[in-house]
Trainee: 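My questions will all concern the structure given below.
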Amino acid sequence: MRVLGIETSCDETGAAIYDSEKGLLAHTLYSQVDMHAEYGGVVPELASRDHIRKIIPLVHAVITQAELTSADIDGVAYTVGPGLAGALLVGATVGRSLAFAWNVPALGVHHMEGHLLAPMLEPDPPEFPFVALLVSGGHTQLIKVTSMGNYEILGESLDDAVGEAFDKTAKMLGLGYPGGAALAKLAEQGNPERFHFPRPMVDRPGLDFSFSGLKTFAVNTAAAHELDEQTRADIACAFQIAVVETLIIKCRRALRLTGLKRLVVAGGVGANRMLREHLAEAMGKEGAIVYFPRHEFCTDNGAMIAYVGCQRLLAGEQSDLAVRVFPRWDLEDYSLRNPT
Ligand code: KG4
Ligand code: ZN
């Protein structure tokens, strides 16, 4: 089965084609990040309008890239939540309509399930069950994944998501928006000995996170010093180390608690090099293997939506003709709202 996947939940327009036999055939992405950068964050109305401009050309592009025609597409999957309502509506309307026009089944997909299963696109994918660390701009969660669709949240952030904390700290350091990757780059020039940031909530039992205090600590440290280039790098470095060590402590705890030996890292912050290296090393000492999607599939993309869509369509699920989106949608409530 060949499935076209469409992703428009936030500020990236993605399209991809996944084949149940041959794997990923084509994928393409357009990022609106430059357009939103001048406003210091995503402007929802601009995002929706830009998705409208880009989505059809991107669908054409992946079909051409895969050397197919629309007659070769057996199903269409599109993100229906969580995300920005207007942005989701673009992908859902286009995806549902294409499926209707092509007379193939359609399926609304959960964006976070896409992130969670993105490592399945790699040559050596993890087997179920595993623990997933989902670290994106809007989510920080540890999830026990028993099988596809069977998700138990073990812990999550009580305030800011990790990506959000990265972005806010980056903004404060004058690195623009979204600044996660820029902060990580600046941190490479930093002296890890100069500042010591707290590791939030590691003394408390459980698997919840809190990152807003860390961000405030960074703001206070910046306010107390002359912000020359080296000091900015030192703050970025201390912040990144504190985040990475906190995530490592909680991941270790989650593996011990569940007795599982496989950890999947997903979401935009999963692109962070220090996190990838240190987590792989620390979990290796636990006898566990860490699975990461390749960099481009850590952040939003159409490939993960095409993959999830293909698996679920093969299992016989499909959406009816209505175009529905779910801007707020917990992964644990999958079955409650999954449009059939
Ligand atoms: O998963 P994603 O593309 O979007 C959401 O669904 O939220 O994640 C975006 C987040 C942003 O906060 C961005 O700053 C962060 O991922 N990010 C990074 C890196 N690359 C992206 N954070 C830290 N280090 C990076 N290398
Ligand atoms: Zn995302």
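We count ligands from 1, going down the list as the structure has it; atoms in each ligand are counted the same way.
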Trainee: Tell me, please: is G138 in heavy-atom contact with ligand 1, that is, under 4.0 Å?
Mentor: yes
Trainee: Check H115 against ligand 1 and report side chain, backbone, both or neither, counting heavy atoms closer than 4.0 Å.
Mentor: side chain
Trainee: Answer whether the closest heavy-atom distance between the side chains of L255 and M283 falls below 4.5 Å.
Mentor: yes
Trainee: Starting from atom 24 (N) of ligand 1, which protein heavy atom do you reach first, and at what distance in Å?
Mentor: N272 ND2, 3.0 Å
Trainee: If hydrophobic clusters are built by linking Ile, Leu, Val, Met, Phe, Trp and Tyr wherever their side-chain heavy atoms come under 4.5 Å apart, do F197 and V162 end up in the same one?
Mentor: yes
Trainee: For atom 7 (O) of ligand 1, find the nearest protein heavy atom and state the residue, atom name and distance (0.1 Å precision).
Mentor: G137 N, 2.7 Å
Trainee: Closer than 4.0 angstrom: is that true for some heavy atom of H111 and an atom of ligand 1?
Mentor: yes
Trainee: Please state which protein non-hydrogen atom is closest to atom 13 (C) of ligand 1 and give its distance, to 0.1 Å?
Mentor: D167 OD1, 3.7 Å
Trainee: To the nearest 0.1 Å, how far is atom 22 (N) of ligand 1 from its closest protein heavy atom, and which atom is that?
Mentor: G180 CA, 3.6 Å
Trainee: Is a salt bridge present between R256 and E286, judged by a nitrogen-to-oxygen distance below 4.0 Å?
Mentor: yes
Trainee: With the side chain counted from C-beta on, respond yes when R276 and H295 share a heavy-atom pair under 4.5 Å apart, and no when they do not.
Mentor: yes
Trainee: Identify the protein heavy atom lying closest to atom 17 (N) of ligand 1, giving its residue, its atom name and the separation to 0.1 Å.
Mentor: G268 O, 3.6 Å
Trainee: At what distance is the nearest protein heavy atom to atom 4 (O) of ligand 1, and which residue and atom is it?
Mentor: D300 OD1, 3.5 Å
Trainee: Would you name the N/O/S atom of D300 that lies closest to the Zn ion (ligand 2)?
Mentor: OD1
Trainee: Are there more than 12 heavy atoms of other residues, nucleotides or ligands under 6.0 Å from atom CZ of F128?
Mentor: yes
Trainee: State yes or no: do V104 and Y307 share one hydrophobic cluster built from I, L, V, M, F, W and Y residues joined by side-chain heavy-atom distances below 4.5 Å, directly or via other members?
Mentor: yes
Trainee: Heavy-atom contacts with T299 under 4.0 Å: which atoms of ligand 1 show up? List them by number with element.
Mentor: 3 (O)
Trainee: Verify the distance test for H139 against the Zn ion (ligand 2): any N/O/S atom under 2.8 Å, yes or no.
Mentor: no
Trainee: Out of E113, E7, H110, which residue meets the side chain to side chain donor-acceptor pair (under 3.5 Å) rule with T79?
Mentor: E7
Trainee: May I have the angle between H115 NE2 and H111 NE2 with its vertex at the Zn ion (ligand 2), rounded to 10°?
Mentor: 90°
Trainee: Please list, in number order, the atoms of ligand 1 under 4.0 Å from a heavy atom of G163.
Mentor: 12 (O)
Trainee: For R324, is there an ion pair with D320 - N to carboxylate O distance below 4.0 angstrom?
Mentor: yes
Trainee: What distance separates I305 CD1 from L117 CG, expressed to the nearest 0.5 Å?
Mentor: 10.0 Å
